[in-house]
Amino acid sequence: MRNVEIQMVDLKTQYHRLKSEIDEALNKVIENGIFIQGPPVSKFSSELSEYLDCKNVIPCANGTDALQIAMMACGFKPGDEVIVPAFTYVATVEVIALLGLVPIFVDVNENDFNINIEALSESITERTVGIVPVHLFGQCADMDKIMAIADENNLKVIEDTAQAIGSVYFHKNATTQFAGTIGDIGTTSFFPSKNLGCFGDGGALMTNSGDHAKQCRMIANHGQSEKYIHDIIGVNSRLDTLQAALLSVKLKELNDFSKRRQLVADRYDVGLKDISEIITPHRNSYSTHVFHQYTVQIEGGNRDDLKKYLHEKQIPSMIYYPIPVHLQKAYNQYGYKTGQFPIAESLCKKVLSLPIHTEMHTDQQEYIIDNIRSYFK
Ligand SMILES: *Cc1c(COP(=O)(O)O)cnc(C)c1O
């Protein structure tokens, strides 16, 4: 075991497991020579649309573009307020700022790291136009409540599903829907380390609305309704044919990928549960968890020291995220201060994400768990 290097994500071993099918798909694209908008792009879109049981999937260049295109398609105008959790990856907020919209941060739940519903309700004003829940680390935000608030206040909901593709939400009425297909528009990323990752950048939008789909498609392709006819200002954001061909192969494995991640998570839960300084990830009853990250909270202020200790034992770990977005220098123009979102701020000091991926060996994981246990002994 110790001769196998432990990584946060092991894409190389995963590639070798699927190599023959992947190589064949990629070689076919290279032979055909259609690298932009080739047939594999629409093929992958319909496959993902079928998998997610969502009427429209619009591929694009990356998950950040997907968020931007979604906000443009919703018709948000400069000065409009968009509500986002303070504890997220910066991309969610970046596009809000770039479009001249005003990010309104709200705090998150201490247990599941997702947007806090009460704080969300309280932050709505006359200028609010949208909510961007982020299904952080692979588990859905409380969508029934978010959709009810959005309906009541006539707001658009854009689900940032970059970390939660394949996660299932259980509605109160006992129906289920995939993350990203519940709000007006969902967005996702195929960044290599995401749960459905390609060999470079890639992303997609999901929507059950025909109107939103049409707008997103046009915006992603220079605002074009027909070739060289530009009805609106758009962007250039396409998924490469090579990436689409690869993603068709990997999409067939997505359920298996999720299962493998969940098995790793289950083993961590068991191995770490009796350590009083560690809070293992909370699992909500209304969502499955696809464990993009396995993120524990370290009580007692030893997080950075534990990280160093693990590093010395050749065990990588990551801090997602060390600084909440409202306290990042780039966003100080919005005037947020330390202490405004105490949970997001304290999570930044306590969270530690442990290695989790589809290729993890039980003996690698035992080594990680044993070392964490001996640190706290
Ligand atoms: C990765 C990620 C994005 C951005 O996706 P890219 O494809 O890297 O642009 C957006 N939001 C969240 C929550 C992410 O994790």
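Ligands are counted one by one from 1 in listed order, and the atoms in each one are counted from 1 as well. Computed from a predicted model, the values in this text were never measured in an experiment.
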With no hydrogens and no angle check, do the side chains of Tyr15 and Asp10 hold a donor and an acceptor under 3.5 Å apart?
no
May I ask you to check whether Asp160 and Tyr89 show a side-chain donor-acceptor distance below 3.5 Å?
no
Counting heavy atoms only, which part of Asn62 comes closer than 4.0 Å to ligand 1: side chain, backbone, both or neither?
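For Asn62, backbone and side-chain atoms both sit under 4.0 Å from ligand 1.
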Any idea which atoms of ligand 1 are less than 4.0 Å away from a heavy-atom of Ala91?
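This gives 4 (C), 10 (C) as the contact atoms.
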Go through ligand 1 atom by atom and flag the ones less than 4.0 Å from a non-hydrogen atom of Val134.
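Heavy-atom distances to Val134 below 4.0 Å select 13 (C).
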Considering distance alone, does some N or O of Ser189 sit under 3.5 Å from an N or O of ligand 1?
yes
N/O of Ala162 under 3.5 Å from N/O of ligand 1, yes or no?
no
Measure across Gln139 and Ala164 and return the closest heavy-atom pair with its distance rounded to 0.1 Å.
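Shortest heavy-atom contact: N-CB, 4.4 Å.
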Answer with yes or no whether Lys194 contacts ligand 1, where contact means a heavy atom under 4.0 Å from a ligand atom.
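In this structure, Lys194 qualifies as a contact of ligand 1 - some heavy atom is under 4.0 Å.
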Which is closest to atom 10 (C) of ligand 1 in terms of heavy atoms, Asp160, Thr64, Thr188?
Asp160
For Phe87 and Phe113, take the angle between the two ring planes, folded into 0 to 90°, and tell me which bin it lands in: parallel under 30, tilted 30 to 60, perpendicular over 60.
tilted
Measure the distance from atom 15 (O) of ligand 1 to every protein heavy atom, then report the residue, atom name and distance (to 0.1 Å) of the closest one.
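Here the nearest protein heavy atom works out to Gln163 NE2, 2.8 Å.
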Between Tyr309 and Tyr375, does the ring centroid distance fall short of 6.0 Å?
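For Tyr309 and Tyr375, the ring centres are under 6.0 Å apart.
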Please round to the nearest 0.5 Å and tell me the distance separating atom OG1 of Thr288 and atom CG of Asn284.
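Interatomic distance, Thr288 OG1 to Asn284 CG, rounded to 0.5 Å: 11.0 Å.
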